Amino acid sequence: MTGNTFTVAIVGAGASGALTATQLLKQSNSDGLDIRLIDPDQATGRGLSYSTNDPEHRLNVPAAKMSAFADEPDHFLNWLHA
């Protein structure tokens with residue numbers, strides 16, 4: 001922390017790390033929040049589960065239950081439809 005700036009390092013930029021960063025930004029009252037995602041992969045947010053190129057790959061959760069935001073239960077499904 002320097003002055004009014006807070007730096008948060010998140011190790012892992014897969015889905016969990018990216019969603020953690022999103023939640024921190026969404027809930028932060030500070031314009032001085034600096035979030036750093038640390039990951040050897042260049043693609044942010046994909047992680048192991050979402051980085052497959054196999055068109056047969058399926059997740060074991062229905063899209064309607066995959067929202068990242070508790071107050072927006074249809075967020076992922078709406079994003080998917082858009």
Side-chain angles (χ1 to χ4, degrees):
M1 179 177 131
T2 56
N4 291 331
T5 302
F6 295 88
T7 300
V8 176
I10 299 172
V11 179
S16 295
L19 291 172
T20 298
T22 301
Q23 290 291 346
L24 283 172
L25 288 169
K26 187 175 179 182
Q27 295 180 28
S28 173
N29 293 329
S30 172
D31 290 332
L33 182 60
D34 178 28
I35 297 178
R36 306 292 173 106
L37 292 169
I38 302 168
D39 197 289
D41 196 349
Q42 292 181 351
T44 299
R46 294 188 69 170
L48 186 61
S49 297
Y50 301 96
S51 62
T52 182
N53 291 324
D54 182 355
E56 300 291 320
H57 181 80
R58 300 289 183 261
L59 297 174
N60 62 352
V61 178
K65 296 188 182 270
M66 291 181 64
S67 178
F69 308 109
D71 59 338
E72 298 177 52
D74 295 329
H75 179 267
F76 180 77
L77 190 58
N78 292 336
W79 172 86
L80 185 62
H81 285 238

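Bear in mind the structure is a predicted one, so any value in this text is a computation, not a measurement.
- For residues 10-28, the pairs satisfying salt bridge (charged side-chain N to carboxylate O under 4.0 Å, His left out) are K26-D71, K26-E72, with sequence neighbours left out.
- Not counting sequence neighbours, the partners of D34 by the salt bridge (Lys or Arg N to Asp or Glu O under 4.0 Å) test are R36.
- Clustering ILVMFWY residues whenever any of their side-chain heavy atoms sit less than 4.5 angstrom apart, transitively, puts V8 in the very cluster that holds L25.
- Of all heavy-atom pairs between I35 and A21, the closest is CD1-O, 3.6 Å.
- The two residues G17 and I10 have their closest heavy-atom pair at CA-CG2, 3.8 Å.
- Between A13 and L37, the closest heavy-atom pair is CB-CB, 3.9 Å.
- Between P73 and S67, the closest heavy-atom pair is O-CB, 3.3 Å.
- When hydrophobic clusters are built by joining Ile, Leu, Val, Met, Phe, Trp and Tyr residues whose side-chain heavy atoms come closer than 4.5 Å, directly or via intermediates, L24 is grouped together with F6.
- Listed here is the closest heavy atom pair of I38 and A9: CD1-CB, 3.9 Å.
- There is no path of hydrophobic side-chain contacts, each under 4.5 Å, that joins F69 to L77.
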